[in-house]
Amino acid sequence: MFEKLEMAPADPILGLTEAFNKDTNPNKINLGVGVYKDEAGTTPIMNCVHKAEKILVETEKTKNYLPITGAPAYGKCVQELVFGKNAKVYAATAHTPGGTGALRVAGEFLKKFKPSAKIWVSDPTWPNHNGVFGAAGFAVGKYAYYNAQTRSLNLDGMLTAIKVMTPGDIILLHACCHNPSGIDPAPEQWKKIAAAIRENELFPLVDFAYQGLGRGLEEDAEGVRLLAGTLDEMIICSSFSKNFGLYNERVGAITIKSETQEATDKAFSHLKTTIRQIYSNPPSHGGAVVATVMNNPELHKEWEDEVAEIRRRIKQMRELFVATLKAKGVKQDFSFLTHQYGMFSFSGLNDEQVKTLKEKYGIYIVGGGRINVAGMTKANMEPLCTAIAEVLKT
């Protein structure tokens, strides 16, 4: 069978990293994959994570399986981050292998109970959303989100799209730090979005991968909390790859929120069945790290400070990038990048320019011009902006 297979196409993002790793250019720069880099160009382990891991090594007594939904302490921490510490919500949380695992579990779970529904994703969105939900058997549609002319949220287009979706369909929303545009709705806009979803009887599925990297840990949860206060039911998929730096531990969560404890318990029972059929139960270490940090006041404060530093560095790189391009004589206005949040932005570079940057300068950017701002450093800013300035002249 294998001899008859054709090569599968490379992943548009992870495949870019493979090409980057093979590139022998000593000055190469990777602005593709969504991984945070510090000023030295490395993906650091947080100090609070090191300390939590030391505690775990000294106190861990077993490597036995976790429950299907993971440790209850972890689920409690996730809900506090999503809804707030003393929020009155009927919710249940399961630990998943990363945010992608949470999305796939959500897809399988929803397909059982909404088999004829369509999933709608923003235009643009993280490319793997299409693959994850397509693999779960859903038809995937697009709704208006990004206004390329004004480089802002196309709220009118989004609301119009919501109104014509079929009641019962599923709408995927980015909680904050929209990937790839970096453009998030303001609180008043979230209220309009929530009202439109409720009016048209859609089911909200929220991808919450970057809490704390936009405006702050509490501020980045405003949209989710507005939705939770307006809508009867929803699913939230969380990730701790970015805000805990736990990329290779694959730490995610899926949270079901309903209007009653009975409805939540029933839905959660079916979610457990779905998880059991896919991977049985989650890995322990990453979730234990998160719970240890969250439940230790000193480590929790240190974590908040470290997340704030990541946020500050990303903001600084946005501002430096815009200023350096301007200093290079680039006429195109890139100031819009300073008004966006999170690790990603649309640069405005077209596919031909992206290709030239890769082939001529060893600068790797995802097709469509999405750049990982967190991959920029003070050291690579000059060569990066020099190359972009040259490409924009041609």
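Using a cut-off of 4.0 Å between Lys/Arg side-chain N and Asp/Glu carboxylate O, Lys355 and Asp351 are scored as not salt-bridged. Remark: Glu222 engages Arg215 in a salt bridge, criterion side-chain N to carboxylate O under 4.0 Å. For the pair Arg104 and Glu108, the salt-bridge criterion is met [side-chain N within less than 4.0 Å of a carboxylate O]. One finds no salt bridge joining Lys163 and Glu199 here, because no Lys/Arg side-chain nitrogen approaches an Asp/Glu carboxylate oxygen to under 4.0 Å. Ion pair Glu390/Lys360 not flagged as a salt bridge, since none of the NZ, NE, NH1 or NH2 atoms sits closer than 4.0 Å to an Asp/Glu carboxylate oxygen. Note on Arg312 versus Glu309: salt bridge recorded, some NZ/NE/NH1/NH2 to OD/OE distance being below 4.0 Å. Residues Lys191 and Glu188 are paired through a salt bridge, judged by an N-O separation under 4.0 Å between the basic side chain and the carboxylate.
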Would you check, one step at a time, whether the test side chain to side chain donor-acceptor pair (under 3.5 Å) holds for His285 with Glu53? CA-CA 9 Å; His285 183 73; Glu53 289 182 316; 2.8 Å; yes
Side chain to side chain contact (heavy atoms under 4.5 Å, CB included) evaluation trace for Ile235 with Phe203: CA-CA 8 Å; Ile235 290 177; Phe203 187 93; 3.8 Å; yes
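Looking at Thr377, its side chain does come within 3.5 Å of a backbone N or O of Asn380 through a donor-acceptor pair. Proximity of a side-chain donor or acceptor of Asp184 to a complementary backbone N or O of Cys177 within less than 3.5 Å is detected. Formation of a donor-acceptor pair under 3.5 Å by the Tyr146 side chain with backbone atoms of Ile183 is not found in this model. Asp207 places no side-chain N or O within donor-acceptor distance of the main-chain N or O of Leu103, the cut-off being under 3.5 Å. A donor-acceptor pair under 3.5 Å is absent between the side-chain atoms of Thr42 and the main chain of Asp38, judged by distance alone. Side-chain N or O atoms of Ser347 include one that pairs as donor or acceptor with a backbone N or O of Gly369 at under 3.5 Å. Proximity of a side-chain donor or acceptor of Glu306 to a complementary backbone N or O of Asn47 within less than 3.5 Å is detected. Under the 3.5 Å distance criterion, the side-chain polar atoms of Asn200 are left unmatched by any main-chain donor or acceptor of Ala196. Side chain of Lys28 to main chain of Asp23: a donor-acceptor pair is present (N/O by atom type, distance under 3.5 Å, no hydrogens or angles). A donor-acceptor pair under 3.5 Å is formed between the side chain of Arg313 and the backbone N or O of Lys37.
Counting heavy-atom neighbours within 6.0 Å of Tyr341 OH, excluding the residue itself, gives a total of 12 or less. By the 6.0 Å contact criterion, NZ on Lys112 is enclosed, its count of non-hydrogen atoms from other residues, nucleotides or ligands being greater than 12. When the shell of 6.0 Å around OH of Tyr65 is examined, it contains 12 or fewer heavy atoms from other residues, nucleotides or ligands. More than 12 heavy-atom neighbours from other residues, nucleotides or ligands sit within 6.0 angstrom of OH on Tyr247. Counting heavy-atom neighbours within 6.0 Å of Lys326 NZ, excluding the residue itself, gives a total of 12 or less.
Across all non-hydrogen atoms, the minimal contact from Ala102 to Ala253 is CB-O, 3.4 Å. In this structure, Val293 and Cys48 approach most closely via the heavy-atom pair CG2-O, 3.8 Å. Considering every non-hydrogen atom in both His95 and Gly70, the closest pair reads CB-CA, 4.0 Å. When all heavy atoms of Met234 and Val224 are compared, the closest pair comes out as CE-O, 4.2 Å. Taking both residues in full, the closest heavy atoms of Leu246 and Gly286 are given as CD1-O, 3.9 Å, listed atom of the first, atom of the second, then distance. In terms of heavy-atom proximity, Tyr74 sits nearest to Gly252 at OH-O, 2.7 Å.
For the atom pair Thr43 OG1 and Lys242 NZ, the distance stands at 10.5 Å (nearest 0.5 Å).
Residue Val164 is not grouped with residue Ile170 when hydrophobic side chains (ILVMFWY) are merged at heavy-atom distances under 4.5 angstrom, including chains of intermediate members. By the criterion of side-chain heavy atoms lying less than 4.5 angstrom apart, applied directly or through intervening Ile, Leu, Val, Met, Phe, Trp or Tyr residues, Tyr90 is not grouped with Val82; the two fall into different hydrophobic clusters. Both Ile314 and Val35 are assigned to one and the same hydrophobic cluster, defined by single-linkage of ILVMFWY side chains at heavy-atom distances under 4.5 Å. Clustering ILVMFWY residues whenever any of their side-chain heavy atoms sit less than 4.5 angstrom apart, transitively, puts Leu213 in the very cluster that holds Leu31. Residues Phe268 and Leu66 do not share a hydrophobic cluster, defined by chaining ILVMFWY side chains whose heavy atoms lie under 4.5 Å apart.
Using a 4.5 Å cut-off on side-chain heavy atoms (C-beta onward), Arg318 and Lys315 make no contact.
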